[in-house]
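The block underneath contains the structure these notes are about, expressed in structure tokens.
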Amino acid sequence: VSVIEPPLDDFMVIGPTLFLRYATPADAPRLFELGSDEAVTRVFSWGPYTQVEQAQAYIESLRAKREAQTLLDFLVVSREDGPIGVTGLTDLAPRDRRATIGTWIGRQWWGSGANRESKALMTALAFRTLGLERLTALANVTNGRSQRALERIGFRQEGVLRRYHRHGEDVHDMAISGLLKSTWEKGELAAVPVEVAGAPPAGWVVQG
Ligand SMILES: CC(C)(COP(=O)(O)OP(=O)(O)OC[C@H]1O[C@@H](n2cnc3c(N)ncnc32)[C@H](O)[C@@H]1OP(=O)(O)O)[C@@H](O)C(=O)NCCC(=O)NCCS
């Protein structure tokens with residue numbers, strides 16, 4: 001099995017079998033392939049991708065959004081299989097030390113533990129490196145799999161936000177869950193070995 005090593009020159013979050021890095025234009029074909037699956041994008045406002053240019057446009061938009069502190073997305077890269085999905089933060093509230101986390105993983109890796117490890121990497125980044133104290137997750141009320149996946153890694157459901165997300169003409173109720181730093185610190189996820197390399201993204205560190 002070929003082993004993919006993390007590149008050394010960029011910001012990265014590195015775990016036992018996966019690492020997180022910024023997507024580059026060279027990732028567009030693979031991201032297009034992963035995001036062309038209706039099972040993956042069913043709950044989102046975008047997709048499934050029908051043209052590689054859509055993945056390209058997404059990748060090209062990321063730097064500006066990162067710099068504007070509106071979106072901090074990473075590619076989830078498996079050392080064995082290469083890129084397998086995306087995870088990121090939105091709705092950064094520096095004063096309140098919180099942000100919202102979202103993830104999607106290619107169908108082939110559902111149930112593989114990749115989601116759990118990607119959350120171990122993101123929570124270490126959020127709570128240790130960025131200084132956040134709460135992560136919020138929003139899942140469509142029809143997305144039982146996502147709600148269960150969040151629960152089993154320590155998120156607690158807090159309620160339902162009615163008519164909260166609009167996708168075209170469809171309006172969706174969203175289940176809101178939260179994970180507090182104090183809960184995470186005592187749980188299994190915090191025990192996963194995680195290394196952070198490079199300079200954290202400017203504007204995303206809320207307390208240092
Ligand atoms: C959400 C996602 C990242 C979760 O990763 P995953 O690898 O599928 O999650 P896991 O297998 O670790 O956990 C899923 C859990 O839900 C359970 N489950 C599966 N289908 C379910 C359903 N229809 N209803 C309730 N629970 C369900 C599984 O049994 C598992 O629980 P268990 O480990 O206690 O058995 C992944 O499924 C995905 O990318 N989905 C598409 C995009 C998406 O929905 N993203 C989240 C938006 S909020």
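Positions are given from 1 along the sequence. Atoms within each ligand, like the ligands themselves, are counted from 1 in listed order.
- Contact of the N143 side chain with the R145 side chain is registered, since non-hydrogen atoms from C-beta on lie closer than 4.5 Å.
- Crowding of R166 atom CZ: a count of heavy atoms from other residues, nucleotides or ligands under 6.0 Å exceeding 12.
- Within the 4.5 Å cutoff, side-chain heavy atoms of L135 are placed close to those of F155.
- Salt bridge absent: R30 and E33 never bring a charged side-chain N and a carboxylate O closer than 4.0 Å.
- Electrostatic pairing of E158 and R134 counts as a salt bridge here, judged by a charged N lying under 4.0 Å from a carboxylate O.
- Of the possible donor and acceptor atoms, one in the side chain of Q207 sits under 3.5 Å from a partner among the backbone N and O of G131.
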Can you give me a line-by-line list of nitrogen or oxygen pairs between ligand 1 and the protein shorter than 3.5 Å?
residue: ligand 1; atom: 7 (O); partner: G111; partner atom: N; Å: 2.8
residue: ligand 1; atom: 8 (O); partner: R145; partner atom: NE; Å: 2.6
residue: ligand 1; atom: 8 (O); partner: R145; partner atom: NH2; Å: 3.1
residue: ligand 1; atom: 11 (O); partner: G111; partner atom: N; Å: 3.4
residue: ligand 1; atom: 11 (O); partner: R145; partner atom: NH2; Å: 3.0
residue: ligand 1; atom: 12 (O); partner: R152; partner atom: NH1; Å: 2.7
residue: ligand 1; atom: 33 (O); partner: R152; partner atom: NE; Å: 3.1
residue: ligand 1; atom: 33 (O); partner: R152; partner atom: NH1; Å: 3.4
residue: ligand 1; atom: 34 (O); partner: R148; partner atom: NE; Å: 3.1
residue: ligand 1; atom: 34 (O); partner: R148; partner atom: NH2; Å: 2.9
residue: ligand 1; atom: 39 (O); partner: I105; partner atom: N; Å: 2.8
residue: ligand 1; atom: 39 (O); partner: I105; partner atom: O; Å: 3.4
residue: ligand 1; atom: 39 (O); partner: W110; partner atom: NE1; Å: 3.4
residue: ligand 1; atom: 44 (O); partner: N143; partner atom: ND2; Å: 2.8
residue: ligand 1; atom: 45 (N); partner: T103; partner atom: O; Å: 2.9

